[in-house]
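See structure below.
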Amino acid sequence: MTSCGVAAGSGGDLETVSGIPVASEVEAIEDPRSYQGQLSLELVDDPVEPIAADPVPQLPAVVTDNQGTQVEVTDVSRILPLDIYGTLSRMVYELGLGDNVIGRDISSSFPEISDLPLVTTDGHQLNAESILALNPSVIITDTSLGPWDVILQLRDAGVPVVVVDSHRSPENVEALTQAVGAALGLPDEGRELGERTRAQIVEAQEAIATITPESQTQQLRTVFLYARGSAGVYYMFGQDSGADELITAAGGYDVSSEVGWKGAKPANDEGLIAAQPDVIIMMNKGLESVGGVDGLLEKFPAMAQTPAGANERIISMNDDLVLSFGTRTPAVLNALAVALYAPDAL
């Protein structure tokens, strides 16, 4: 068995996206199911590319958010974008309002935002005191962070809070971007950024199609496993979790659609054996938290009875990117597809 760490500069003279060779420029291996070993993907932090250099927000912006609440935004000088994926903060920066962002969640770690103060504790818990201390003029969030009482407390304090869709997939990136742009008084920029991202996703999927088997029976059976070993948390992400659409868009066969997993289900030996995955996708820190592949096999000994376990075929990726579904989605899909079908290029 082999283990491969992939970082910036991989791919030699090939065109790369976030340090990973473009799928259309590599050759799929003859039998992807026979590949052995772990691939740890560390995508390069691509610089933020604002859709506009000095956008002028149209204020006040009055929007009806995803929960049906009408919110009036009169000031975007102190923006606080918060979600479990780090998606919303990147969108605000790409809209050209990065200089107005005053804080961050733990998943927002790209270089341009990394020096700002954290307002989440214990991972993904919102801290009302930390948020109010920053005196935000508007908060863009969804329902992925809690406790929800914090959001209600912020609204009671007079802070405009716009709640956007918490669902993430390659299909709703454009709509989500437009919603963020509209809430910040930049509807035109939101549409333009959404269209740009959607076009890049389509381009990535066209490249992915060049190395992906057309027949579902030839596509790699893939499972997304979320793990936090220190907390004893192990979940298999299934239908409607976002992981299912990630797998499909990257050219894999989403096993959850076959075995009927919905959302996040506790992982166990029986479920893994029933799934018979060829590949397991994880987050880098999640895999590290269980002691790597050896620790994972020790936790789930029956995994050895699956092709993924027998071949130690684990693909892991940056925690803050793999399920983010935003402007970095094209790079994420490209990296996963190459790791699935052209691992020798990494």
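In this text, all values refer to a predicted model and were calculated from it rather than measured experimentally. We use all heavy atoms of the structure for the numbers below, so side chains are in, but hydrogens, waters and symmetry mates are not.
Partners of Arg191 by salt bridge (charged side-chain N to carboxylate O under 4.0 Å, His left out), not counting sequence neighbours, listed by chain and number: Asp188. For the salt bridge (charged side-chain N to carboxylate O under 4.0 Å, His left out) test, residues two or more places apart in sequence or in another chain that qualify with Arg221 are Glu258. Under the side-chain hydrogen bond (donor to acceptor under 3.5 Å, both in side chains) criterion, Thr74 pairs with no residue, sequence neighbours left out. Listed by chain and residue number, nothing satisfies the side-chain hydrogen bond (donor to acceptor under 3.5 Å, both in side chains) test with Ser24 (two or more places apart in sequence, or in another chain). Every residue two or more places apart in sequence or in another chain that forms a side-chain hydrogen bond (donor to acceptor under 3.5 Å, both in side chains) with Ser144 is listed here: Asp142. With sequence neighbours left out, the side-chain hydrogen bond (donor to acceptor under 3.5 Å, both in side chains) criterion links Asp46 to Ser18. With sequence neighbours excluded, the residues forming a salt bridge (charged side-chain N to carboxylate O under 4.0 Å, His left out) with Asp278 are Arg33, listed by chain and number. Every residue two or more places apart in sequence or in another chain that forms a salt bridge (charged side-chain N to carboxylate O under 4.0 Å, His left out) with Asp83 is listed here: Arg168.
Open room surrounds CG on Asp99; 12 or fewer heavy atoms of other groups in view lie less than 6.0 Å from it. Residue-environment remark: CD (Glu49) stays at or below the threshold of 12 foreign heavy atoms within 6.0 Å.
Residues Ser107 and Asp320 have side chains that never bring a donor and an acceptor to within less than 3.5 angstrom of each other.
Here the CD1 atom belonging to Ile314 is positioned 10.0 Å from the CD1 atom belonging to Ile281, to the nearest 0.5 angstrom. Here OG1 of Thr197 is found 10.0 Å from CD of Glu195. Values are rounded to the nearest 0.5 Å.
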Hey, can you pull the donor-acceptor pairs under 3.5 Å for the side chains in residues 146-162, sequence neighbours left out?
from: Arg155; atom 1: NH2; to: Asp65; atom 2: OD2; distance (Å): 3.2
from: Arg155; atom 1: NH2; to: Val161; atom 2: O; distance (Å): 3.2

Going by atom type alone, with no hydrogens or angles, which donor-acceptor pairs under 3.5 Å involve a side-chain atom of residues 298-307 and a protein atom two or more places apart or on another chain?
from: Thr306; atom 1: OG1; to: Met303; atom 2: O; distance (Å): 2.7
from: Thr306; atom 1: OG1; to: Gly309; atom 2: N; distance (Å): 3.0

Sequence neighbours excluded and cut-off under 3.5 Å, please list the side-chain donor-acceptor pairs for residues 173-187, or say none.
from: Thr177; atom 1: OG1; to: Val173; atom 2: O; distance (Å): 2.7

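Applying the salt bridge (charged side-chain N to carboxylate O under 4.0 Å, His left out) test to pairs two or more places apart or on separate chains, none has a residue in residues 242-254.
The aromatic rings of Phe237 and Tyr226 lie parallel to each other, their planes meeting at an angle below 30°, with 60° marking the opposite boundary.
The distance between the ring centers of Tyr235 and Phe224 does not fall below 6.0 angstrom.
Ala207 and Thr210 get closest at one heavy-atom pair: O-OG1, 2.5 Å.
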